[in-house]
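Written below as structure tokens is the structure these notes are about.
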Amino acid sequence: MLPAAHRMRRSADFERAVRGGARAGRNTLVVHLVTRTDPGPGPAVGFVVSKGVGNAVTRNLVKRRLRALTADRLGSLPADADLVVRALAPAAEVDYATLGRDLDGALRTAARRRDERAASGVAGGSR
């Protein structure tokens, strides 16, 4: 389970990550990764699972899977990171392992893009 200290709750935090963060997508999900300027207790993670993914039971299953997968990866995220994971409709149809591989790939790509933005001085790389 994802510890409460690492959960993103405020809509402003979601908006900042989605609008200004480095984005990377896979077939089942899209991640948005942004660096905070304020020190926090560690990385913060938020989830977006819309009705397009399925009914309430399906959405909750996808959310639980994403929370567990993300909790396992908290140690690999920078302490000043805000991460939003948005599930796409195919997330409801894939198994846990596939969802994990997609999350890993998207996180690698988003981190690389965030680092490239920060190196080039583009806004959004270090918010």
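- For the pair Arg7 (side chain) and Leu2 (backbone), a donor-acceptor distance under 3.5 Å is present.
- With hydrogens and angles ignored, the 3.5 Å screen pairs no side-chain donor or acceptor of Arg16 with any backbone N or O of Gly21.
- Summarising the local packing, CZ of Arg23 is surrounded by 12 or fewer heavy atoms from other residues, nucleotides or ligands at distances under 6.0 Å.
- At least one side-chain heavy atom of Val30 sits under 4.5 Å from a side-chain heavy atom of Leu88.
- Applying the 6.0 Å contact sphere to CG of Asp72 captures more than 12 heavy atoms from other residues, nucleotides or ligands.
- Considering only residues two or more places apart in sequence or on other chains, Arg59 meets the side chain to side chain contact (heavy atoms under 4.5 Å, CB included) condition with Val49, Lys51, Val53, Ala56.
- Pairing each heavy atom of Ala110 with each of Ala22, the nearest pair is O-CB, 3.4 Å.
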- side-chain contact (heavy atoms from CB on, under 4.5 Å) between Val31 and Leu83, worked out: CA-CA 7 Å; Val31 300; Leu83 174 69; 3.9 Å; yes

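- Atom CZ of Arg65 sits about 11.0 Å away from atom OG1 of Thr28, to the nearest 0.5 Å.
- With hydrogens and angles ignored, the 3.5 Å screen pairs a side-chain donor or acceptor of Arg26 with a backbone N or O of Gly105.
- Residues Val57 and Leu61 are members of separate hydrophobic clusters, defined by side-chain heavy-atom contacts under 4.5 angstrom among Ile, Leu, Val, Met, Phe, Trp and Tyr.
- Rounding to the nearest 0.5 Å gives a distance of 10.0 Å between CG of Leu77 and NE2 of His6.
- Residues Phe47 and Leu107 share a single hydrophobic cluster, defined by chaining ILVMFWY side chains whose heavy atoms lie under 4.5 Å apart.
- Tracing side-chain contacts under 4.5 Å through hydrophobic residues (I, L, V, M, F, W, Y), one reaches Leu99 starting from Leu33; they form part of the same cluster.
- Checked by atom type, the side-chain pair Arg101/Thr98 shows a donor-acceptor distance below 3.5 Å.
- Hydrophobic clustering (ILVMFWY, side-chain heavy atoms < 4.5 Å, transitive): Val45 and Leu66 are in one cluster.
- Residues Arg114 and Ala81 approach most closely at NH1-CB, 4.4 Å, considering heavy atoms.
- Across Tyr96 and Ala68, no two heavy atoms sit closer than the pair OH-CB, 3.6 Å.
- With respect to Arg36 and Asp13, no salt bridge is recorded, no charged nitrogen being found less than 4.0 Å from a carboxylate O.
- Of all non-hydrogen atoms in Pro3 and Leu74, the two that sit nearest each other are CD-CD1, 3.9 Å.
- Within the 3.5 Å criterion, the main-chain N or O of Arg117 finds a donor-acceptor partner in the side chain of Ser120.
- Considering all non-hydrogen atoms of both residues, Leu29 and Ala106 come closest at CD1-CB, 3.9 Å.
- Note on Val48: it does not cluster hydrophobically with Val62, by side-chain heavy-atom contacts below 4.5 Å among ILVMFWY residues.
- Closest non-hydrogen pair, Val84 versus Ala17, comes out as CG2-CB, 3.6 Å.
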